[in-house]
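Counting from 1, the numbers follow the sequence of the chain as shown.
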Amino acid sequence: MNGARRIPAETVALDLNKSSYNRQGVVHYHRAVFEGLRPDTLYAYRVGSPAGKEGGHWSEWIQFRTAGRGKEPFEFVYFGDAQNDLLSRWSRVMRMAYATAPDAAFVIHCGDLVNRAHSDREWA
């Protein structure tokens, strides 16, 4: 890909056994920061690990466009907390949202998507 850059991620280990409610062991959270992005520019990224013994693992390519320099109106979709195990209903909510705002610049979900806060299985 033309102009591609590799950005290293920070990894933080979280020991879930320290909570009296969890016994799932250690999980890892990763974070990378994109800096120096230009306004109104389409970018693509994917996350993963380089080839090694197992050949590497990569996500699909994901695209986003940065905001322009000036003030311009835009639409976005806001979802409240959908909880968990709502597959049959949630798909209808998503279809209605995209039918209502097909040109939404982004979607924001303001919930945690779980029913029980101390269940790592639900968080996963």
Side-chain angles (χ1 to χ4, degrees):
M1 178 169 273
N2 188 17
R5 293 186 303 162
R6 183 168 290 194
I7 299 172
E10 296 175 28
T11 300
V12 175
L14 177 61
D15 185 354
L16 295 174
N17 292 330
K18 291 182 179 181
S19 166
S20 61
Y21 299 103
N22 287 302
R23 294 287 179 252
Q24 285 104 1
V26 176
V27 296
H28 296 88
Y29 294 91
H30 312 285
R31 180 188 126 180
V33 177
F34 301 141
E35 295 180 319
L37 302 179
R38 295 185 306 252
D40 195 24
T41 302
L42 184 65
Y43 290 93
Y45 71 94
R46 64 183 182 161
V47 297
S49 60
K53 287 184 193 177
E54 299 175 21
H57 301 281
W58 293 93
S59 72
E60 70 277 13
W61 285 97
I62 300 166
Q63 295 185 138
F64 68 95
R65 179 174 294 280
T66 54
R69 288 192 188 278
K71 295 179 182 179
E72 298 176 21
F74 64 92
E75 288 183 311
F76 68 96
V77 176
Y78 173 95
F79 292 115
D81 191 354
Q83 297 299 307
N84 204 343
D85 296 324
L86 294 178
L87 186 59
S88 66
R89 288 177 241 151
W90 189 245
S91 61
R92 288 180 273 170
V93 171
M94 293 295 289
R95 283 193 298 274
M96 179 59 74
Y98 281 107
T100 304
D103 296 322
F106 62 90
V107 173
I108 186 168
H109 189 281
C110 296
D112 56 21
L113 291 172
V114 298
N115 292 325
R116 290 172 293 283
H118 297 292
S119 171
D120 191 52
R121 179 177 173 182
E122 286 191 18
W123 285 99

How close do [X] and [Y] get, heavy atom to heavy atom, and via which atoms?
| X | Y | result |
| --- | --- | --- |
| Glu35 | Arg5 | O-NH2, 3.5 Å |
| Thr66 | Pro39 | OG1-C, 3.3 Å |
| Gln63 | Leu42 | OE1-CD2, 3.9 Å |

Would you say [Y] ends up clustered with [X] if hydrophobic residues are merged whenever their side chains have heavy atoms under 4.5 Å apart, either directly or through other cluster members?
| X | Y | result |
| --- | --- | --- |
| Tyr45 | Val33 | no |
| Phe74 | Val107 | no |
| Leu37 | Ile62 | yes |

Return the orientation label for the [X] and [Y] ring planes: parallel under 30°, perpendicular over 60°, tilted otherwise.
| X | Y | result |
| --- | --- | --- |
| His109 | Phe79 | tilted |
| Phe34 | Phe64 | parallel |
| His28 | His30 | parallel |

**Message:** Has Tyr98 got a side-chain atom pairing as donor or acceptor with Ala104's backbone, closer than 3.5 angstrom?
**Reply:**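 Flag not set: sc Tyr98 to bb Ala104 has no pair under 3.5 Å.
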**Asked** Can any side-chain N or O of Arg46 pair as donor or acceptor with the backbone N or O of Glu60 at less than 3.5 Å?
**Response**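 No, the answer is negative, given that no donor and acceptor are paired below the 3.5 Å cut-off.
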**Prompt:** Given side chains that start at C-beta, do those of Arg89 and Val93 come closer than 4.5 Å, heavy atoms only?
**Reply:**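 Arg89 vs Val93: side chains apart.
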**Prompt:** Hey, is CE on Met96 packed in by over 12 heavy atoms from elsewhere, all under 6.0 Å?
**Reply:**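 No, the 6.0 Å shell around CE holds no more than 12 heavy atoms from other groups.
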